[in-house]
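Some notes on the structure that comes next.
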There are 2 protein chains.
Amino acid sequence: MTDATQYPPFGVTADLVILTMRNDELCVALIERRAEPYKGQLALPGGFVSRHGADRTLEDTALRELREETGIEPHEVHLEQLKTYWTLGRDPRQEVVTVAWLALGPIQGELQSGSDAARADWHTIDAALGQRLAFDHNQILRDGIERARAKLEYTDVAATFLPRQFAIADVRRVYEEVWGVELDPGNFQRKMTGVFERVQDAEPRNVGRGRPAALYMRKAREYRDASGLVPIEPPFRRMDAAR
Amino acid sequence: MTDATQYPPFGVTADLVILTMRNDELCVALIERRAEPYKGQLALPGGFVSRHGADRTLEDTALRELREETGIEPHEVHLEQLKTYWTLGRDPRQEVVTVAWLALGPIQGELQSGSDAARADWHTIDAALGQRLAFDHNQILRDGIERARAKLEYTDVAATFLPRQFAIADVRRVYEEVWGVELDPGNFQRKMTGVFERVQDAEPRNVGRGRPAALYMRKAREYRDASGLVPIEPPFRRMDAAR
DNA sequence: CGAATAGTGTCTGTTAGACAATATCGA
DNA sequence: TCGATATTGTCTAACAGACACTATTCG
């Protein structure tokens, strides 16, 4: 660390794995690259740190990219740092270190393509991983999904996919889709009612057929860790599948 | 991402949170900085990526720094990426992004100071966190310890602190020290014998008084995740304290 | 022998998971 | 009414935690 200037200069980007549920399917936001390298291929949205010194932290860059891409306000999503990626020659233009972020939210509308994207769209996880993405974005996407899967087990992160008020069955559908399993509705209900807070007033949103569900929201007062998530009790094991 | 060269150049370092047990105390490796900034203060060991293109991946840098600092061979330690840190002006010389790594191992000997360090020594966690470290290294160290604590709960990572063969009580002492709790020896025994593999031959290493303990090692064949750790069964809860 | 540590047995309260039963809606 | 979904009840096997007990060493 004696003389920093003797070491090679890097570019630093923040790339985003933005996941949401659309029609009960787990989807990821991808852009189509407008420029080389990987022109025309799909990639995770992202961009370089500190356009004109606007970013003061790594998170600023991630939040800015998130806003540009989805038009969503930061407080509506869960955002956490995922992992950092670099291998020699990973980007042919110059050495680029990418700090990947995981963003989860109830994002409804269509996406807006930023400056460097020809278009931006939602893709199901299977469709996205079934093709070659730009750079090492296949790996980043896999890591992001794995992180989300793991966090369902010991946090209330599933609720970040849902609007502010939701039914327990909505939470269950998130688990079922993200884990790819079927869960027993009865047992799930019991476990989760303790995790969330019942909304008393609120007319029961009456969507489909069947008995209307009570609405819940995330508990505000409980202990949250640095990531803003509430730990859920001992284990919600991935093996807890019905049948 | 249109023109990478318009963005500011960053230096990239790998800094290490190297934890080990010495005299049943959790200790961290710190260096005393030889040069400005923070000259004379304690800091996590680390260094810039790719001195003369020697590093082809981020992990290469971490492994190289680890070897230089501890003289330890990579296969003897558990190494995982922790988190990446940057805020504007974090390093007064130039903008530096630091990829922090967590290294856990049964590191016995003294430390060798690298080129940029006046000296390198082991410090207990309390001593290290009780003073002002260079840069944002207090935060990085706290994050590293928290990661280690969390991983004890659902992996066999405790064994990475120990030599290849160990007694169950050794594992228990790791949990007790890292979590700062007392665990019931009997119940701990039962849970952990399933996690590890008994070494049949191996004369019972006879250290202190009392009945000599059977030796165990980590299971080689079981499923290991990408980090090389074996998941341990449902929950080893932090609350599982005795008394 | 007694002190110390390793390891096993046993009991009890809790809980996960299976599955049945009830509640409340739309058609 | 039926079909669908929400919610609660019940049972059982497993298990965590408390704690007593046995095993094996050293001094």
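Throughout, a chain's letter reflects where its sequence line sits, starting with A, and its residues are numbered from 1.
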Return the value, rounded to whole Å, for the distance between atom [atom1] of [X] and atom [atom2] of [N].
{"X": "A/Met192", "N": "C/dG17", "atom1": "CE", "atom2": "P", "value": "12 Å"}
{"X": "B/Leu183", "N": "D/dC19", "atom1": "CG", "atom2": "C1'", "value": "16 Å"}
{"X": "A/Glu153", "N": "C/dA16", "atom1": "CD", "atom2": "C1'", "value": "14 Å"}
{"X": "A/Phe196", "N": "D/dA6", "atom1": "CZ", "atom2": "P", "value": "15 Å"}
{"X": "B/Asp170", "N": "C/dT5", "atom1": "CG", "atom2": "P", "value": "13 Å"}

Are there any protein N/O atoms within less than 3.5 Å of an N/O atom in nucleotides 8-11 of chain C, and if so, which ones and at what distance?
residue : atom : partner  : partner atom : Å
C/dG9   : N7   : B/Arg190 : NH1          : 3.3
C/dG9   : O6   : B/Arg190 : NH2          : 3.2

Legend entry - Phosphate OP1/OP2 of C/dT15: any A/Lys191 side-chain N/O under 4.0 Å: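 So the side-chain polar atoms of A/Lys191 never come under 4.0 Å of the phosphate oxygens OP1 or OP2 of C/dT15.
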
Legend entry - Phosphate OP1/OP2 of C/dT5: any B/Arg172 side-chain N/O under 4.0 Å: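 No, no such contact exists.
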
Legend entry - Residues A/Arg142, A/Glu146: salt bridge by 4.0 Å N-O rule: no

Inset, instruction - Determine which pairs satisfy salt bridge (charged side-chain N to carboxylate O under 4.0 Å, His left out) with at least one residue from residues 99-109 of chain A, sequence neighbours left out, and list them in order. - result: none

Legend entry - Under the side-chain contact (heavy atoms from CB on, under 4.5 Å) test, residues paired with B/Thr84 that sit two or more places apart: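 Only A/Leu58, A/Gln81, A/Thr84, A/Val99, B/Gln81, B/Val97, B/Val99 meet the side-chain contact (heavy atoms from CB on, under 4.5 Å) criterion with B/Thr84.
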
Legend entry - side-chain contact (heavy atoms from CB on, under 4.5 Å) against B/Ala100, all qualifying residues, sequence neighbours excluded: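 Testing B/Ala100 for side-chain contact (heavy atoms from CB on, under 4.5 Å), a comparison that skips the adjacent residues, returns B/Leu82, B/Tyr85, B/Ile140.
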
Inset, instruction - Would you kindly compare A/Ile168 and A/Arg209 by the position of their nearest DNA chain D nucleotide and give the one closer to the 5′ end? - result: A/Arg209

Legend entry - With sequence neighbours excluded, residues passing ring-ring contact (aromatic ring centres under 6.0 Å, His included) with B/Trp86: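 If we apply the ring-ring contact (aromatic ring centres under 6.0 Å, His included) test to B/Trp86, skipping adjacent residues, the hits are B/Phe10.
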
Legend entry - Results of side chain to side chain donor-acceptor pair (under 3.5 Å) for B/Lys83 - residues two or more places apart only: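 So B/Lys83 forms no side chain to side chain donor-acceptor pair (under 3.5 Å) with any residue.
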
Inset, instruction - Can you figure out which of D/dA6, C/dG7, C/dT24 approaches the side chain of A/Ala169 most closely? - result: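 Selected nucleotide (nearest to the side chain): D/dA6.
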
